[in-house]
Amino acid sequence: MRVLLVEDDVSLGEGIRTALRRAAYSVDWLHDGASALNAIRDDIERSEIDLVVLDLGLPRMDGIEVIRAARRHGASVPILVLSARERAADRTLGLDVGADDYLGKPFDTHELIARVRALLRRSQGRANPTLRCGALELDPANLALRWQGRNIDLPRREFALLRMLMESPGRVVSRESVQQRLYGWDEDVASNALDVHIHHLRRKLPPALIRTVRGVGYSLDERIAAGQAETSAGDGRAAP
Ligand code: CA
C-alpha cells in the first residue's frame, strides 16, 4: 500500500511518515499543494497511490483546492484531511468538496493510522478488518500473520507484500504494480529486492502459496491457502 503524504511542516511530516512506515505502508511525501495535485492527476490512470493524507494549509495551493480539482479531474483515491481548521464548518467543507475523512490537529498517531486502515478497507470493499484466505489470516492492525493457527513473524516489507496479495487472492498482481506500491519514490531499491522478499516468504510459508506467473507477476494460490498442500491433492476433495 502506498500513501501520498502532503504536509509542509517538516517535523510533523517526519512523524507521520515514520508512523505510516511502521504500519507497513510505503510513503511518498510532498510539501506543497500544486505538486500534490500533479501527483494525484498523474496517478489517475496508474492507480498506484492507495490513499492521500492531506494537510489544508499548504504553500502554492490550498488543500481544499487540491481536493476540489482532483475530484473534478476524476481522481477516486481516498483522501484523509489533517488540519488545524477544526470548526464544524471547516470539516463539513472538507468532506463536501470530496475528502473521505477529516482529522483535526493535534491528533493521536494511533488514531490516524486506524483511520488510514479503515479508509483502505472501505476502498477495497471490505468490512472485516482481518484478511482471510483459507488457513492464512492477516491482521493489519497488529501486523500479525497466522498460518494454520501458528503465528509467523514477518519483517515490514514481507508483511506489506503478503497483505497486497491477500487483498485480491487468486488474482495476478503485476510485478511492476507490486514494486510501485511497495517502495516510495525516494527509496533506493536493488533490482532484485522483490525477488528476495518473495524468496523469504516462500521459506516461511508453503512455497507454492505465492505463484509466479512468468512475465506477468504474482498471485496467491487459494487452494494451497486452504491447506490443501501438494501432498493432499489426491484425496478427491474439491477446492472450496
Ligand atoms: Ca500546513
Side-chain angles (χ1 to χ4, degrees), residues 1-124 140-141 143 156-157 160 180-189:
M1 293 279 107
R2 190 165 177 187
V3 177
L4 174 63
L5 168 65
V6 191
E7 172 60 72
D8 59 326
D9 181 314
V10 173
S11 66
L12 185 58
E14 271 168 3
I16 298 170
R17 181 171 63 180
T18 302
L20 285 165
R21 283 183 172 167
R22 278 202 192 117
Y25 299 113
S26 125
V27 182
D28 296 316
W29 181 9
L30 294 174
H31 306 252
D32 71 88
S35 315
L37 179 59
N38 281 337
I40 294 169
R41 283 175 53 184
D42 287 349
D43 189 65
I44 291 176
E45 294 290 309
R46 291 200 296 265
S47 281
E48 282 158 6
I49 298 172
D50 297 291
L51 181 119
V52 180
V53 174
L54 181 73
D55 178 28
L56 291 187
L58 290 166
R60 293 180 69 208
M61 185 185 274
D62 188 78
I64 291 291
E65 280 317 304
V66 173
I67 303 171
R68 214 176 248 139
R71 293 305 186 220
R72 204 169 47 231
H73 283 100
S76 60
V77 64
I79 299 176
L80 191 165
V81 166
L82 274 184
S83 179
R85 302 174 198 164
E86 7 174 22
R87 291 175 308 148
D90 296 319
R91 291 199 297 270
T92 304
L93 174 66
L95 294 167
D96 279 345
V97 296
D100 298 276
D101 198 1
Y102 198 108
L103 190 57
K105 289 179 183 172
F107 56 89
D108 177 272
T109 309
H110 296 289
E111 183 182 353
L112 168 66
I113 302 299
R115 284 175 187 263
V116 165
R117 276 192 297 268
L119 281 174
L120 290 171
R121 209 155 63 214
R122 255 176 268 157
S123 74
Q124 292 158 5
L143 297 181
R156 186 168 61 87
R157 281 278 161 62
Q180 292 299 329
R181 291 162 73 192
L182 214 51
Y183 311 104
W185 291 324
D186 52 357
E187 287 180 71
D188 252 343
V189 184

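Read the numbers this way: they start at 1 and go in the same order the structure lists the ligands and their atoms. The analysis underlying the following values was restricted to heavy atoms, covering all of them including side chains, and did not include hydrogens, waters or symmetry mates.
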| So, does Asp43 use its side chain to make a donor-acceptor pair with the main chain of Glu48 at under 3.5 Å? | yes

| If only atom types and distance count, is the side chain of Arg156 paired as donor or acceptor with the main-chain N or O of Arg22 below 3.5 Å? | no

| query | Closer than 3.0 Å to the Ca ion (ligand 1), which protein N, O or S atoms? | reply | Asp8 OD1, Asp55 OD2, Gly57 O

Sidechain N-carboxylate O distance under 4.0 Å for [X], [Y]:
{"X": "Arg60", "Y": "Asp32", "result": "yes"}
{"X": "Asp9", "Y": "Lys105", "result": "no"}
{"X": "Asp100", "Y": "Arg71", "result": "yes"}

| message | With side chain to side chain contact (heavy atoms under 4.5 Å, CB included) as the criterion, how do Leu12 and Phe107 come out once you've worked through the C-alpha distance, each side chain's angles and the decisive distance to 0.1 Å? | response | CA-CA 11 Å; Leu12 185 58; Phe107 56 89; 4.2 Å; yes

